[in-house]
Amino acid sequence: MADYPDNYAYTREHEWVAVEGDIATVGVTDHAQQELGDVVFVELPEPGTTVEKGAPFGTIESVKAVSDLYAPLSGEVTEVHDQLIEEPEVANTDPHGAGWMIRIRMRDAAELEDLMSAESYLEFVKE
């Protein structure tokens with residue numbers, strides 16, 4: 001079982017969020033990458049794009065399926081992980097670290113209250 005960092009927050013759509021100041025780094029969870037299988041393509045928004053909580057911000061494609069990526073928070077995309085576009089397999093090998101996807105300048109930190117702790121997320125995926 002992969003390590004689910006306690007200082008991250010998690011969504012029901014299997015994204016994780018790490019917050020530093022008003023910037024939230026977003027990626028897919030280890031559970032998500034295991035379910036997807038080998039990731040072969042990632043489509044991410046351009047920096048400067050506004051994302052809305054719960055709305056798709058990109059797609060992740062594996063040998064099995066294409067899935068939407070959902071914004072866990074509203075705000076402006078400040079950075080996109082370009083390496084992931086060149087090497088999408090990093091989403092499989094290091095989903096909670098080097099496999100991050102985008103950074104968002106949060107519009108409303110209160111939205112974090114809707115996300116799950118690592119413990120809650122692990123219970124959720126067991127169901």
Side-chain angles (χ1 to χ4, degrees):
M1 174 86 151
D3 186 26
Y4 285 81
D6 286 336
N7 61 328
Y8 286 14
Y10 300 86
T11 72
R12 294 185 176 279
E13 292 77 37
H14 308 291
E15 279 97 20
W16 58 261
V17 180
V19 176
E20 203 170 309
D22 66 344
I23 301 294
T25 301
V26 179
V28 295
T29 65
D30 183 65
H31 175 80
Q33 71 82 18
Q34 286 180 27
E35 294 290 305
L36 284 165
D38 293 336
V39 175
V40 294
F41 181 76
V42 178
E43 184 179 4
L44 300 172
E46 293 291 320
T49 303
T50 298
V51 294
E52 295 298 327
K53 179 182 174 181
F57 71 80
T59 56
I60 186 167
E61 189 173 329
S62 71
V63 292
K64 290 193 216 171
V66 178
S67 299
D68 283 330
L69 297 164
Y70 294 93
L73 305 160
S74 302
E76 180 188 335
V77 176
T78 60
E79 194 177 346
V80 174
H81 193 189
D82 292 331
Q83 180 198 359
L84 209 56
I85 295 164
E86 302 299 318
E87 300 173 53
E89 64 275 6
V90 177
N92 293 117
T93 58
D94 190 7
H96 298 156
W100 68 273
M101 299 194 164
I102 61 172
R103 292 198 166 110
I104 300 170
R105 179 169 286 110
M106 294 184 288
R107 188 182 314 142
D108 182 2
E111 290 180 342
L112 290 166
E113 296 168 18
D114 297 334
L115 304 180
M116 292 181 272
S117 66
E119 189 177 344
S120 300
Y121 179 74
L122 288 170
E123 289 298 313
F124 172 68
V125 297
K126 280 182 196 163
E127 290 170 8

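Below, each value reflects all heavy atoms present in this structure, side chains not excepted, and no hydrogens, waters or symmetry copies.
Within 6.0 Å of atom CZ in Arg105, 12 or fewer heavy atoms from other residues, nucleotides or ligands are found, so the atom counts as exposed in its surroundings. Within a 6.0 Å sphere centred on CG of Asp6, heavy atoms belonging to other residues, nucleotides or ligands number 12 at most.
Side-chain N/O atoms of Thr29 and Tyr121 include a donor and acceptor closer than 3.5 Å. In this structure, a donor-acceptor pair under 3.5 Å is present between the side chains of Glu111 and Ser74.
Between His14 and His31, the ring-plane angle classifies as tilted under the 30° and 60° cut-offs.
A 4.5 Å side-chain heavy-atom check between Glu79 and Ile23 finds every atom pair outside the cut-off. You'll find the side chain of Lys64 stays beyond 4.5 Å of the side chain of Glu35, heavy atoms only. Looking only at side-chain heavy atoms (C-beta outward), Thr25 and Glu20 stay at 4.5 Å or farther from each other. Two residues are said to be in side-chain contact when any heavy atoms from C-beta on lie closer than 4.5 Å; Ile60 and Gln33 fail this criterion.
In summary, of the residues considered (Thr59, Val28, Val39, Leu36), a side chain to side chain contact (heavy atoms under 4.5 Å, CB included) with Ser67 occurs for Leu36 alone.
At a threshold of 4.0 Å, the pair Lys53-Asp108 does not count as salt-bridged, since none of the basic side-chain nitrogens sits closer than that to a carboxylate oxygen.
Hydrophobic clustering (ILVMFWY, side-chain heavy atoms < 4.5 Å, transitive): Phe57 and Ile85 are in one cluster.
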* Report the C-alpha separation of Leu122 and Tyr4 in whole Å, then their side-chain angles, then the decisive distance to 0.1 Å, and conclude whether the side-chain contact (heavy atoms from CB on, under 4.5 Å) test is met. => CA-CA 8 Å; Leu122 288 170; Tyr4 285 81; 3.5 Å; yes
* **Glu13 and Asp68: CA distance, side-chain angles, deciding distance, side-chain contact (heavy atoms from CB on, under 4.5 Å) verdict** => CA-CA 9 Å; Glu13 292 77 37; Asp68 283 330; over 6 Å; no
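A donor-acceptor pair under 3.5 Å links the side-chain atoms of Trp16 to the main chain of Pro95, judged by distance alone. With hydrogens and angles ignored, the 3.5 Å screen pairs no side-chain donor or acceptor of His81 with any backbone N or O of Gly99. Counting only distance, with no hydrogens or angles, the side chain of Tyr70 and the backbone of Thr11 share no donor-acceptor pair below 3.5 Å. Side chain of Trp100 to backbone of Val26: no donor-acceptor contact under 3.5 angstrom is found.
Considering CG of Asp30 and NE2 of His96, their distance stands at 5.5 Å, rounded to 0.5 Å. From Leu115, atom CG reaches atom CZ of Arg12 across 10.5 Å, with rounding to the nearest 0.5 Å. Summarising the geometry, atom CD belonging to Glu89 is positioned 8.5 Å from atom CG belonging to Leu84; distances are rounded to the nearest 0.5 Å. Between atom CG of residue Asp22 and atom CZ of residue Arg103 there is a gap of 12.5 Å, rounded to the nearest 0.5 Å.
Between Pro5 and Ala118, the shortest heavy-atom contact is O-CB, 3.8 Å. Of all non-hydrogen atoms in Ile104 and Thr78, the two that sit nearest each other are N-OG1, 4.3 Å. Val17 approaches Leu112 most closely through the heavy-atom pair CG1-CD2, 4.3 Å.
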